[in-house]
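In the text below, chain A, chain B and the rest are named by the order of the sequence lines, each starting its count at 1.
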Number of protein chains: 2
Amino acid sequence: MNQAIRLHQVASQLRATCNKCSLSNLCLPLALEENELERLEDIVLQGKIFNRGEHIFDQSTPFKSCFAVRSGSVKTSIITEGGDEQVTGFFMPGELIGLDSMATDNYACTAKVLERTSVCEFPVEKLEQLTRKLPELQHHMYHLMSQEIQNSHQLAMLLSKNTAEERIAALLLSLSSRFQRRRMSPTNFSLPMARNDIANFLGLAVETVSRVFTRFQNQGIIKARGREVELLDVEALQLVTRDFARQGCR
Amino acid sequence: MNQAIRLHQVASQLRATCNKCSLSNLCLPLALEENELERLEDIVLQGKIFNRGEHIFDQSTPFKSCFAVRSGSVKTSIITEGGDEQVTGFFMPGELIGLDSMATDNYACTAKVLERTSVCEFPVEKLEQLTRKLPELQHHMYHLMSQEIQNSHQLAMLLSKNTAEERIAALLLSLSSRFQRRRMSPTNFSLPMARNDIANFLGLAVETVSRVFTRFQNQGIIKARGREVELLDVEALQLVTRDFARQGCR
DNA sequence: CGCCTGTTTGACTGCTGTCAAGGAGCGTGG
DNA sequence: CCACGCTCCTTGACAGCAGTCAAACAGGCG
């Protein structure tokens, strides 16, 4: 078989699947009609696979695309000149990465895959062009970016005002609601990230995270064995977070 | 004089001034050509004045517009159900407020004026329409929102990793560079916000802010009398903010 | 002058970071 | 199959930065 033909077949398989994607109700297609979807499918590069630990991009990469997580999970972080890392977010299927980089030539953060992960790539140049033609898509982009700002403010709030217990409770609840959005169990899930990443994200020491987990466990609020977590008493967790009952941190 | 005529005169005075505005190199007009500017001027409501302590909007207000600060300064904060306040930002002339609210029906925060302040209002509905027609303006909007996300991540980083001294040094340097952008003295300025707001913004207690100010003063790094601040040793301040990163990689 | 708000200073407590060591899980190789 | 090394996680002891409480001070304004 001729290679050109084979490539063409692969391309058609990859394309025209946004409308069949189980995440279309979370991702960019959310706002689009059937015929508009096809335009989006024209510009997306679907199904890139990364293995655990690989980088989708890092701060030295010229900014070119946003990425939607299809399966797996991603950690974004800023690496300072001194080599310090600050985790800025965890991204699960249906969520969009790279919105923080549209103001700079290079990516503003480094995106590292926490497990075998599949992503869809949206070249921004084409995306910008398309948003001009599809008002709903433009509106959705503004919506997503605005949401990202809000999330980040919620995180700042968590970091500046809340105790270790409150921060971790908030993260667990955020993850819970995000699993629920994907029709998975909101009380029984596996953490995609290491304690170290949780600690970094929440501005705590690893040891503190570990201690809070065992404290919650002793209080019968959660059950944790390694990365497997079961939320036994969601209301208790919400009580811990007080004002933070909302999904807010990522 | 007939009232309709008078109103019309006022309207023409208010309009067609973006290109004469001293802040056009910071604000939305930044990306626009002469003829495009006129389109922007068509939708902007210029010169709204607020007195110290007044709200431009708050979290119970339906989201309708973004606002550019023309003179004065603004504090945005999130008020939780419990009545807690978290300051999310300080906005100076040329900066745009409300980008965090485009994902929700109501404003995502409360914008309070710190001094007598003049703002320009951009109704988002019209702004969205206009961005579809002016690619440069759309790009600029994405740019600004992205910048806002980055700023917020930087803040989160500051809150999660840095000491009180480092946070305050960083804030002083940020203010300094923002005054400089406006062709004002970068070393001699007046803080628009109270110690309380600084503390809240940086996740500290008022007392701590006060103590750090006096410590910096005793070290000869700054001179502060009330809200009047003079940066005596900018390099020392930069050193304070960087020291932590150095220590971190030991 | 007195009131109110904002700022400063001091004494003390405590949460959380740091240091140190040990345990658990897992893939590799003998 | 076990030993080994590696990474990740847990637990304990201790110290320090920053929060809390309390009080005095300063400045603006009627």
**Student:** Does a salt bridge link A/E85 with A/K75, judged by any charged N lying under 4.0 Å from a carboxylate O?
**Tutor:**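 Salt bridge present between A/E85 and A/K75.
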
**Student:** Shorter than 3.5 Å, N or O on both sides, protein versus nucleotides 16-20 of chain D: list them out with atom names.
**Tutor:**
from   : atom 1 : to     : atom 2 : distance (Å)
D/dA18 : OP1    : B/A164 : N      : 2.6
D/dG19 : OP1    : B/G203 : O      : 3.3
D/dG19 : OP1    : B/A205 : N      : 3.3
D/dG19 : OP2    : B/A205 : N      : 3.1
D/dG19 : OP2    : B/T208 : OG1    : 2.3
D/dT20 : O4     : B/R211 : NH2    : 3.1

**Student:** Ignoring hydrogens and geometry beyond distance, is a side-chain donor-acceptor pair present between A/T110 and A/Q59 at under 3.5 Å?
**Tutor:**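 There is such a pair between these side chains.
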
**Student:** Tell me the interatomic distance from B/L191, atom CG, to C/dG6, atom P, rounded to whole angstroms.
**Tutor:**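 Distance, rounded to whole Å: 15 Å.
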
**Student:** Any chance the rings of B/F201 and B/F90 have centres within less than 6.0 Å?
**Tutor:**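 Yes, the ring of B/F201 comes within the 6.0 Å limit of the ring of B/F90, centre to centre.
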
**Student:** CG of A/L114 versus C1' of D/dC8: gap in Å, rounded?
**Tutor:**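 Spelled out: CG on A/L114 to C1' on D/dC8 is 14 Å.
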
**Student:** Report yes or no: is the cationic atom of B/R116 (NZ for Lys, CZ for Arg) under 6.0 Å from the centre of the six-membered ring of B/F50, at an angle within 45° of the ring normal?
**Tutor:**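 Not satisfied by the 6.0 Å and 45° rule.
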
**Student:** Rounding to an integer number of Å, can you tell me how far B/N196 CG sits from C/dC4 C1'?
**Tutor:**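 After rounding, the gap between these two atoms is 15 Å.
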
**Student:** Using atom CZ of A/R227 as one end and atom P of D/dC8 as the other, report the distance to the nearest whole Å.
**Tutor:**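 Whole-Å distance recorded here is 8 Å.
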
**Student:** For nucleotides 21-27 of chain C, tabulate all protein N/O to nucleotide N/O atom pairs closer than 3.5 Å, reporting atom names and distance.
**Tutor:**
none

**Student:** Given the side-chain rings of B/F57 and B/F67, with only the six-membered ring counted for Trp, is the space between their centroids under 6.0 Å?
**Tutor:**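 Between B/F67 and B/F57, which both carry aromatic rings, the centre distance is below 6.0 Å.
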
**Student:** Can you tell me the distance, in whole Å, between the CD1 atom of B/I168 and the P atom of C/dT7?
**Tutor:**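 Atom-to-atom, B/I168 to C/dT7, this comes out as 13 Å.
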
**Student:** Has A/T214 got a side-chain N or O lying under 4.0 Å from the OP1 or OP2 atom of D/dT11?
**Tutor:**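 Yes, within the criterion.
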
**Student:** B/D197 has an atom CG; how far is it from atom P of C/dG6, in whole Å?
**Tutor:**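 Computing the B/D197:CG to C/dG6:P distance gives 9 Å.
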
**Student:** Establish, from distance only, whether the side-chain atoms of B/N162 and B/R167 form a donor-acceptor pair under 3.5 Å.
**Tutor:**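 No, no side-chain donor-acceptor contact under 3.5 Å.
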
**Student:** Say whether B/Q86 and B/S77, considering side chains only, have a donor N or O and an acceptor N or O under 3.5 Å apart.
**Tutor:**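 Not at all, the side chains of B/Q86 and B/S77 share no donor-acceptor pair under 3.5 Å.
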
**Student:** Is a donor from one side chain sitting under 3.5 angstrom from an acceptor on the other, for A/R178 and A/S174?
**Tutor:**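 Side chains of A/R178 and A/S174: pair found under 3.5 Å.
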
**Student:** For B/K75 and C/dG6, give me the distance from atom NZ to atom C1', rounded to whole Å.
**Tutor:**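 Distance check: B/K75 NZ to C/dG6 C1' gives 13 Å.
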
**Student:** B/L159 CG to C/dT16 P: how many Å, rounded?
**Tutor:**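 Checked: the CG to P distance equals 15 Å.
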
**Student:** What I want to check is whether the side chains of A/S60 and A/D58 have a donor and an acceptor closer together than 3.5 Å.
**Tutor:**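 Yes, a side-chain donor-acceptor pair sits under 3.5 Å.
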
